[in-house]
2 protein chains.
Amino acid sequence: MDIRELEYFVTVSELKNFTAAAHKLHISQPAISKAIHKLEEELGFQLLDRTQKKVLLTEEGVVFLDLAEDILARMAAAKNTMIEYKNLTRGTFRIAVPPLLGAYVFPQLFADFKKNYPSLEMSVIEDGSSTAVDLVRQEDVHVGLVILPPTLTDLHSHLITSQEIVVCLPTDHPLSRQPFLTFEQLKDEPIILYNEGFVLRRIILDEYAKYGLVPSVALSTNQFQTIKALVAKGVGISFLPKNSIKVVNHVTKIPLHPHLFLEMGLIWKPNKILPLACKAFIDFVNEFEYVK
Amino acid sequence: MDIRELEYFVTVSELKNFTAAAHKLHISQPAISKAIHKLEEELGFQLLDRTQKKVLLTEEGVVFLDLAEDILARMAAAKNTMIEYKNLTRGTFRIAVPPLLGAYVFPQLFADFKKNYPSLEMSVIEDGSSTAVDLVRQEDVHVGLVILPPTLTDLHSHLITSQEIVVCLPTDHPLSRQPFLTFEQLKDEPIILYNEGFVLRRIILDEYAKYGLVPSVALSTNQFQTIKALVAKGVGISFLPKNSIKVVNHVTKIPLHPHLFLEMGLIWKPNKILPLACKAFIDFVNEFEYVK
DNA sequence: CCCGTCAATAACTTATAGTTATCATACCAT
DNA sequence: ATGGTATGATAACTATAAGTTATTGACGGG
């Protein structure tokens, strides 16, 4: 008792004629006869009364027709649903986005993606880039839009944009008139950083360490706005992507020497089958030109 | 995309292992591989992630599993329902029963049948035997429990019981002391009959006609009780099955000469596939011994 | 780092769905 | 009645596809 047999039975029941049903189904009439016989054999009684000229449903046939139609309808609905997934008119995936990128890169990316795939759903998990990387590793999310850590061998990644990290210091700071600054010059300044779990913090500390320096961290937070306000108030200096701060009163941005860049991109787990929606997003990001 | 493929997919999804699923389904492992591949080929994307050690469902696979399980469950339910029809633990049929038989033959028949097939349902249409015969012809009912008309070539029938028709007349009637009566003796008596559509009426009038007589019909009704009451009141005489009237005050029953019998039985249309429940009833009636 | 487990693949076999040709029967028009 | 037409059943055959055995290749645990 398979789907094909049900289809044949339903068609014959509709048309009340084996030959007509055969035509409609583009097969020969004996094929229909055989299939109906097989079905009746399996059930143990007749579904169709062929003693008269017209084919008529038996009482049991009426009951079975109802059940068969329901099954066929559900089968068709299931196929349809899967076609929607295939056509990317249905689908969901999970993405981890740190606050910094959530504020400056993700909105444009998301808006443009939605324009192309309005039916796809994205579930965003906000967390620091380091944590985001782990979420991708553990498969809690399908992709991460993160500040790319320098070494990342076990995950695939795609660079979206790179931004220069600049020193942010109060306008009235003695160093604020320099064309560029070295870590040596900054070694005694108290600094304001993101909390643990944020790649930007790791990168800055690693840079200090390169020169054998250990800065004094005045405060750490995960609020971007807080960092800017604290710098303006003279609590300490900080390091932020050049384009993430437009114009802020009492804050001066000065490039580092040598220049330090922050790479932002998408990461995902290789050898792992992703939702079609997520693949579409990755492909989309590949084509995407990030405009600052 | 057929039922078998869905079954394989659901089993693999449950066991997260192709080989184990093959064992459970009593087929070889490559058969499973092939079926899953065919399914994925048709849908256009993978349902199962086989890159890791364990077989895992993809996001699309999770969705499809849900749909597949629903379809399989409905398929199983449909099969089950049909098995119930086959086992006669489910089923209905329509039967026409005239009031006379509804009162005296049918109750016992029905009660005994129900004892054997408690789950079967009968839909009873009450109408005169003549009408009942037409209902069977038109297939409005599957069987009729009727007074068998003398000639009935186009329908199958089965005799259940035969009863003698006796003359019913008031106890104080001049003829009430006779051991038997002829139609000749009754030719001037006003008679009370069933309405048109009742075989008993037809039979009585035909008997009169055999002797070239036309009786005067005082009144006709379709109420058995009315006939008895009118006879008791002396409105006229009547003719009824011997056993249908037990003891009624002021009514005397006298056999006819020659004896006239009424045959009661089941009729159904040949070359017409009946519901299994109805077949069971006909078979049951075949075995049934009617006790008066 | 090798071994065991497990899915994929290839070549072949079997089962069965489908085909053509033909027959049997019910119904309709003459 | 009665012959013609329409329609389903049957038989013999073919083609498709589901299943089998044998084998390979890849991943992960001890």
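Letters A, B, ... mirror the listed sequences (proteins, then strands); counts begin at 1.
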Stepwise, does the salt bridge (Lys or Arg N to Asp or Glu O under 4.0 Å) test hold for B:R50 with B:E40? CA-CA 13 Å; B:R50 286 150 281 192; B:E40 290 177 332; 2.6 Å; yes
Parallel, tilted or perpendicular: which fits the ring planes of B:F284 and B:F281, with parallel below 30° and perpendicular above 60°? parallel
Before giving the answer on salt bridge (Lys or Arg N to Asp or Glu O under 4.0 Å), spell out for B:D2 and A:R4 the whole-Å C-alpha distance, their side-chain angles and the decisive distance to 0.1 Å. CA-CA 8 Å; B:D2 65 9; A:R4 194 183 33 79; over 6 Å; no
Mapping A:V55 and B:Q52 onto DNA chain D by nearest heavy atom, which one lands closer to the 5' end? A:V55
Using a 4.5 Å cut-off on heavy atoms from C-beta on, say whether the side chain of A:L6 contacts that of A:F64. yes
Bounds of contact between DNA chain D and chain A, in 5' to 3' order, using a heavy-atom cut-off under 4.0 Å: D:dA6 to D:dT10
Could you label the plane-to-plane angle of the A:F198 and A:Y194 rings as parallel, tilted or perpendicular, counting under 30° as parallel and over 60° as perpendicular? parallel
More than 12 heavy atoms of other residues, nucleotides or ligands under 6.0 Å from CD of B:Q138: is that the case? yes
Counting any heavy atom closer than 4.0 Å, what does B:K54 reach on the DNA or RNA strands: base, sugar-phosphate only, or nothing? nothing
For DNA chain C, whose closest nucleotide is more 5', that of A:R4 or that of A:R50? A:R4
Does A:E287 have more than 12 heavy atoms from other residues, nucleotides or ligands lying within 6.0 Å of its CD? no
With DNA chain D as reference, determine whether A:K53 or A:K34 sits nearer its 5' end, using the nearest nucleotide of each. A:K53
Which is true for A:S28 with a 4.0 Å heavy-atom rule: it touches a base, it touches only sugar-phosphate, or it touches nothing? base
Using 4.0 Å as the upper bound for N to carboxylate O, is an ion pair formed by B:K210 and B:E207? yes
At a heavy-atom distance below 4.0 Å, which nucleotide of DNA chain C is the first touched by chain A, and which is the last? C:dA17 to C:dC27
